[in-house]
Amino acid sequence: MSKTRKILEAMKNKLLPLTEKMVEEGNHVFGGLVLRADDCSVVAAGSNNRLENPIYHGEIDTIQRFFALKERPAPEECIFVASHAPCPMCISAISWAGFREIWALFGYEEVKDGFDMPVDMMMYREIFSSDGPTRQNRFFKMYDIRAEAEKEPDVQELKKLLEEIDERYAKMKVKEFEYPGI
């Protein structure tokens, strides 16, 4: 089984159920996973918890859950999977935490247009004069899950799995939220 398939299966089986629960409670759709790099087994899963604290984005929740584990692999021995391309705060937190490999399902434009959440791109542009992080730098390498799926021999099966995941995200209804500065 390819790394891409293992990542998608972990998203479907571990991340999506948690995210669906958290969205029902009034949180956003963003979530994350930490997987062991050698076999893609799930080490930690987290989802947005803005109701508790507005900075508890899915990636922050995931990082907190990972570091709360008494026994855990080193971050550089793991893959960080983000359901959505990380915002400026989260990409920095992932970097500070020491994760060197990041995979994301939905890109920044999909978040802005498909999820009607333009604030990530606004923050990158307004605060950093940037259109997002570089995909490869001294801290990490970021992969687009959809682009990686296109490279696999079982691309048609992976596209079906992606469609299933997309449909589940599309069914989640996020409650209104006021973004600071907008």
Enquirer: Is there a donor-acceptor pair closer than 3.5 Å between any side-chain N or O of Asn13 and the backbone N or O of Glu9?
Expert: yes

Enquirer: Any donor-acceptor pair under 3.5 Å linking the side chain of Arg50 with the backbone of Ile55?
Expert: no

Enquirer: Salt bridge check, Arg146 against Asp166: does any charged N sit closer than 4.0 Å to a carboxylate O?
Expert: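 Result for this pair is yes, salt bridge flagged.
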
Enquirer: Side chains of Ile91 and Phe140: does their closest heavy-atom pair fall under 4.5 Å?
Expert: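 Result yes, sub-4.5 Å side-chain heavy-atom pair found.
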
Enquirer: Mind checking whether Phe30 and His84 have side chains closer than 4.5 Å, heavy atoms only?
Expert: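 Phe30 reaches His84 side chain to side chain.
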
Enquirer: Under 3.5 Å, side chain of Asp61 to main-chain N/O of Tyr56, donor-acceptor pair present?
Expert: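 No.
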
Enquirer: With a 4.5 Å limit on heavy-atom distance, are the side chains of Thr19 and Met22 in contact?
Expert: no

Enquirer: Heavy-atom count check: over 12 atoms from other residues, nucleotides or ligands less than 6.0 Å from Glu126 CD?
Expert: no

Enquirer: Check whether any side-chain heavy atom of Asp131 lies under 4.5 Å from a side-chain heavy atom of Arg125, and answer yes or no.
Expert: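 A side-chain contact exists here, since the closest heavy-atom pair is under 4.5 Å.
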
Enquirer: I'd like to know whether Glu157 forms a salt bridge (Lys or Arg N to Asp or Glu O under 4.0 Å) with Lys160, so could you lay out the CA-CA distance, the side-chain angles of the two residues, the decisive distance to 0.1 Å, and finally the verdict.
Expert: CA-CA 5 Å; Glu157 291 176 34; Lys160 288 178 186 172; over 6 Å; no

Enquirer: With heavy-atom distances below 4.5 Å as the criterion, would you say the side chains of Val81 and Glu101 are in contact?
Expert: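 No, side chains not in contact.
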
Enquirer: Among Thr62, Asn48, Leu15, find the one that has a side chain to side chain contact (heavy atoms under 4.5 Å, CB included) with Ser83.
Expert: Leu15

Enquirer: Is Pro73 close to Val43 at the side-chain level, that is, under 4.5 Å between some pair of heavy atoms?
Expert: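 Sidechains of Pro73 and Val43: in contact.
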
Enquirer: Would you confirm whether Arg100, through its side chain, and Glu77, through its main-chain N or O, come within 3.5 Å as a donor-acceptor pair?
Expert: no

Enquirer: Quick one: closest heavy-atom pair of Pro17 and Lys12, and the distance?
Expert: CD-O, 3.4 Å

Enquirer: So, taking the atom named CZ in Arg135 and the one named CD1 in Ile102, what distance separates them when rounded to the nearest 0.5 Å?
Expert: 9.5 Å

Enquirer: For Lys6, does the NZ atom sit with more than 12 other heavy atoms under 6.0 Å from it, leaving out its own atoms?
Expert: yes

Enquirer: Measure across Ile60 and Cys90 and return the closest heavy-atom pair with its distance rounded to 0.1 Å.
Expert: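 Taking Ile60 first and Cys90 second, the nearest heavy atoms are CG1-SG, 3.9 Å.
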
Enquirer: Would you call Arg168 and Glu20 a salt bridge, using N to O less than 4.0 angstrom?
Expert: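 Yes, Arg168 and Glu20 are salt-bridged.
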
Enquirer: Between Phe99 and Phe66, does the ring-ring contact (aromatic ring centres under 6.0 Å, His included) criterion hold? Intermediate values first, please.
Expert: CA-CA 11 Å; Phe99 296 101; Phe66 174 78; 5.3 Å; yes

Enquirer: Rounded to the nearest 0.5 Å, what's the gap from CG on Asn49 to CD on Gln64? Could you check?
Expert: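 Rounded to the nearest 0.5 Å, the CG-CD separation comes to 9.0 Å.
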
Enquirer: Would you give the length of the straight line joining atom CD1 of Ile165 to atom CE of Met11, rounded to the nearest 0.5 angstrom?
Expert: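 Result: 6.0 Å between the selected atoms.
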
Enquirer: Measuring from Leu35:CG to Lys3:NZ, what's the distance to the nearest 0.5 Å?
Expert: 9.5 Å

Enquirer: Using every non-hydrogen atom in the two residues, find where Asp39 and Arg36 come nearest and quote the distance to one decimal.
Expert: OD1-CB, 3.4 Å

Enquirer: Could you give me the CA-CA distance, side-chain angles and deciding distance for Glu150 and Lys159, then say whether salt bridge (Lys or Arg N to Asp or Glu O under 4.0 Å) is met?
Expert: CA-CA 8 Å; Glu150 290 288 338; Lys159 283 183 177 183; 3.4 Å; yes

Enquirer: Do Cys40 and Ile79 come close enough that some side-chain heavy atom pair is under 4.5 Å?
Expert: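 Cys40 reaches Ile79 side chain to side chain.
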
Enquirer: Counting neighbours of OH on Tyr124 that are heavy atoms of other residues, nucleotides or ligands and sit closer than 6.0 Å, is the number greater than 12?
Expert: yes

Enquirer: Judged by atom type as modelled, is there a donor-acceptor pair below 3.5 Å linking the side chain of Arg72 to the main-chain atoms of Leu69?
Expert: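 Yes, because the side chain of Arg72 sits within donor-acceptor range (under 3.5 Å) of the backbone of Leu69.
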
Enquirer: Once the angle between the rings of Tyr169 and Phe106 is folded into 0 to 90°, is it parallel (under 30°), tilted (30 to 60°) or perpendicular (over 60°)?
Expert: perpendicular

Enquirer: Got a donor-acceptor contact below 3.5 angstrom from the Ser2 side chain to the Arg5 backbone?
Expert: yes

Enquirer: Rounded to the nearest 0.5 Å, what's the gap from CD on Glu167 to CG on Leu162? Could you check?
Expert: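 Interatomic distance, Glu167 CD to Leu162 CG, rounded to 0.5 Å: 11.0 Å.
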
Enquirer: Is the shortest heavy-atom distance from the side chain of Pro86 to the side chain of Phe80 under 4.5 Å?
Expert: no

